[in-house]
Each structure stands twice: as C-alpha cells, then as structure tokens.
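Report on the structure given below.
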Amino acid sequence: MKVFKTKSELKQHLLGLKTNDKSVGFVPTMGALHQGHLSLIKHAKKKNDFIVVSIFVNPTQFDNKEDLEKYPNTLDKDISLLKTVSCDVLYAPNGNDVYDNNIVSQNFNFDGLEHQMEGKFRDGHFNGVGTVVKKLLEIVEPDKAYFGEKDFQQLQIIKKLVKKHNLPIKIKGRPIFREEDGLAMSSRNTRLTKGHRESAPFIYKTLKRAKIKFGTKSVDKIPKWVVKEFKKHPLLELEYFTIADEKTLQTATKIEKNQKYRGFIAVFAGEIRLIDNIRF
Ligand code: AMP
C-alpha cells in the first residue's frame, strides 16, 4: 500500500494507475478505523481495480471544538488494518494540503436536505462536509465513492452535491455495520465509558421496537413513545428521534404508500453523541 501525505504526490501516482481504463473506488474516512469502515473498503475492492482511502479529520465539519480535539487518532493501527484489506492507496494529508492553506467552509444549498435532523443540531456541519468531500472527490477523481448509511443524511447530501456540481462519480451507499449487541460501529464508541458502552445498545433496540410500531401505530405517536422510553433511561439522553422520508428527509406526518421511510436518532451517552437509523 502506498501512503501519501500530499495531494500532488497522490495525483501523480493516480495518473499512473488510471491508464488502461482501470477503475478507482474511493472511501473517505476520518480514521480510527473499525469493521464498519473495512466493510465499505472490502466492498469497494470487489467492484474496482484500485482502492483509495483517505484519512482526514476535517475541522470545518465540527461544531464542537472538544469533539474535534478528542477525536481518536490511530494512524499506525489504521495503516495495519488497511493492509489487511489490500487497500492500494492511502491519502493521509494535513488540513493545509486539503484546503490550500485556507481552512474554511464553502456555503452550499442542498435543496433543504441540510436543514433537517443533524442540520438542526450541528451548526455548519453539512457545509463542512460538503466542502471537504467536494475537495477530496476533485483530488482523487474516482469512478465510484462509497459512504455508509450510518450517516444517511450525509449520504443523501453527497448524492445531491455530486448531481448539482455535475461530478462524474457514482455515489454508493452501504449498510450499517453493527457490534454483536446491535450498537452501530463508530470511531466515537471507543470514547464511551464502561457504563455508557453497556447502555448504548438500547439505541438500536429502541429503533427496532419503533419499527414494529410503525406498522400498527399512527406515525406521530411513535416519536412520543421513543421520548418516553429514553426518559426512563438513567444514562442516555435523547436529542432527537424522527421518522422521515428517505428522499426529502422531511419528517413524515402521514405515510404514503410508495415512499420509503426511516427512523433517525441522535443520543448523548455522557459527552459522546451517537447517531443511528433504521429503515422502516
Ligand atoms: P467516518 O470516519 O466516521 O467519517 O466514516 C467514514 C465513512 O464510513 C462514512 O461514509 C461513514 O458513513 C462510514 N461508516 C462509519 N461507520 C459505519 C458503520 N458502522 N457502518 C457502515 N459504514 C460506516
């Protein structure tokens, strides 16, 4: 596996790879890799001739300074893990290389997708995500890029970004990879205290119960039920639960036959904010 710290060296190397019609798959990450990331990479590896992974903790998408400062950094371990899945190229730059010495967000209009859910609670988050993903896609110029449904709103926003800017790249979503107890894998899980880690599977358990209720209860009753369940929990604090249309991400007020819906949740386990979702 080749490791590059600068986009000029990376681009030079990719020029060589892209000859002979070879396809390039790209998996952007913020590192502290886990099996969820690796599942994306393994899938991308099957579908492309070469795989590029990036590891870059993007400062402009953090609305919480402490979350950014405490974001886990495990680069040596990540490199070993990437070798186990035969990753071809790793791009692990610093901020100035990605942002050309000007680390600020651009403003995007994602047709309202950015104002729902995470957009309501994380100020400027999707401008930061849009800025870095556009830059990374323009640097790597992959044929396909892979994103997890764990961050479902992000996935929909990136599809919109690529469409609006006519980038010739296919965006592929992949299912959420979970721990055996159901907790969605996340780099932030390593920061949970023992008690919070033991409590955290309650999030997915509640999503599964909400899914069962979706078939039988009216759609506005389910969020109220979720709020009550979390009020009873001593260690977890619900930030939001909403049932939304998969395409528009707007909160569902009534259920249309041909639409697809998901339940989306954000929960504080102590200082750590966890998100998850489930298809209904
Ligand atoms: P991150 O490093 O958290 O920015 O995630 C990098 C990519 O991996 C994003 O597309 C995430 O949605 C995806 N990802 C993170 N956790 C999971 C998971 N548990 N299952 C599937 N994909 C994931």
Side-chain angles (χ1 to χ4, degrees), residues 25-45 47 51-64 67-68 70-75 77-79 81-82 85 87 90-93 95 98 113 117-118 122 125-126 128-137 140 142 144-162 169-192 197 200-201 203-204 207 246 249 262 264-267 269 272-279:
F26 178 41
V27 183
T29 80
M30 298 206 296
L33 300 180
H34 50 67
Q35 290 302 320
H37 296 114
L38 298 188
S39 71
L40 249 64
I41 298 166
K42 283 185 213 159
H43 177 81
K45 183 83 193 168
K47 302 281 179 183
I51 297 303
V52 180
V53 171
S54 64
I55 293 183
F56 175 57
V57 181
N58 173 38
T60 65
Q61 73 188 65
F62 284 79
D63 59 326
N64 176 335
D67 190 27
L68 171 62
K70 293 194 175 160
Y71 201 84
N73 174 341
T74 57
L75 187 61
K77 192 172 157 229
D78 292 349
I79 290 175
L81 280 173
L82 288 172
V85 290
C87 173
L90 169 65
Y91 175 45
V98 178
L113 294 178
M117 302 181 298
E118 293 297 284
R122 300 188 69 188
H125 173 65
F126 288 119
V129 169
T131 304
V132 77
V133 172
K134 185 161 177 283
K135 284 182 187 295
L136 291 171
L137 292 178
V140 177
K144 297 183 188 126
Y146 297 83
F147 294 85
E149 290 181 350
K150 158 94 185 347
D151 303 280
F152 193 84
Q153 184 172 15
Q154 168 176 282
L155 168 66
Q156 298 299 62
I157 280 176
I158 288 161
K159 284 184 180 166
K160 180 74 81 180
L161 172 92
V162 163
I169 299 165
K170 288 205 174 80
I171 301 299
K172 302 283 184 184
R174 298 294 301 159
I176 302 175
F177 211 83
R178 298 182 180 280
E179 302 286 355
E180 262 175 32
D181 59 15
L183 176 64
M185 288 195 182
S186 163
S187 306
R188 289 184 177 87
N189 291 352
T190 56
R191 293 187 50 215
L192 293 168
R197 174 63 190 85
I203 300 168
Y204 184 52
L207 285 181
E246 278 197 354
L249 303 181
R262 264 177 202 254
F264 295 89
I265 197 163
V267 172
I272 310 303
R273 187 173 180 278
L274 300 173
I275 60 169
D276 200 348
N277 67 81
I278 191 169
R279 177 178 252 186

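Just so you know, ligand 1 is whichever comes first in the structure, and atom 1 is the first atom listed for that ligand. Because the structure is a prediction, the values reported are computed rather than measured.
- Heavy-atom proximity to F147, at under 4.0 Å, picks out these atoms of ligand 1: 10 (O).
- To the nearest 0.5 Å, atom CD1 of residue I265 and atom OH of residue Y204 are 12.5 Å apart.
- Ligand-side atoms of ligand 1 in range of I176: 20 (N), 21 (C), range being under 4.0 angstrom from any heavy atom.
- Within the structure, ligand 1 has P28 among the residues with a heavy atom less than 4.0 angstrom away.
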Practice prompt. Give the intermediate values and the outcome of salt bridge (Lys or Arg N to Asp or Glu O under 4.0 Å) for residues E149 and R279.
Written response: CA-CA 10 Å; E149 290 181 350; R279 177 178 252 186; over 6 Å; no
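- The protein non-hydrogen atom at the shortest distance from atom 10 (O) of ligand 1 is G148 N, 2.9 Å.
- Within the structure, the closest approach of H34 to ligand 1 falls below 4.0 Å when heavy atoms are considered.
- Polar contact with ligand 1: present for M30 (N/O pair, distance under 3.5 Å).
- With sequence neighbours excluded, no residue satisfies ring pair (Phe, Tyr, Trp, His ring centres under 6.0 Å) with Y91.
- Considering K172, H37, K170 as possible partners of Y146, the one that fulfils the side chain to side chain contact (heavy atoms under 4.5 Å, CB included) test is K172.
- Ligand 1 has at least one atom lying under 4.0 Å from a heavy atom of H37.
- At least one N/O-N/O distance between M185 and ligand 1 falls below 3.5 Å.
- Backbone and side-chain nitrogen or oxygen atoms of D151 are examined, and one is located within less than 3.5 angstrom of a nitrogen or oxygen of ligand 1.
- Using modelled atom types, one side-chain atom of N58 and one backbone atom of G128 make a donor-acceptor pair closer than 3.5 Å.
- Looking from atom 20 (N) of ligand 1 to the surrounding protein, the closest heavy atom is F177 N, 2.8 Å.
- I176 and A184 make their closest contact through CG2-CB, 3.8 Å (heavy atoms, listed as atom of the first residue, atom of the second, distance).
- Inclusion of L40 in the set of residues having an N or O under 3.5 Å from an N or O of ligand 1 is not warranted.
- Separating the CD1 atom in I55 from the CG atom in L90 is a distance of 5.0 Å, to the nearest 0.5 Å.
- With F147 as the partner, the side chain to side chain contact (heavy atoms under 4.5 Å, CB included) test is satisfied by one option alone out of V133, I157, V27, L40: V133.
- Between I169 and V162 the shortest heavy-atom distance is O-CG1, 3.4 Å.
- The protein heavy atom nearest to atom 23 (C) of ligand 1 is K150 CB, 4.0 Å.
- Taking a cut-off of under 4.0 Å to the non-hydrogen atoms of P175, the atoms of ligand 1 that pass are 20 (N), 21 (C).
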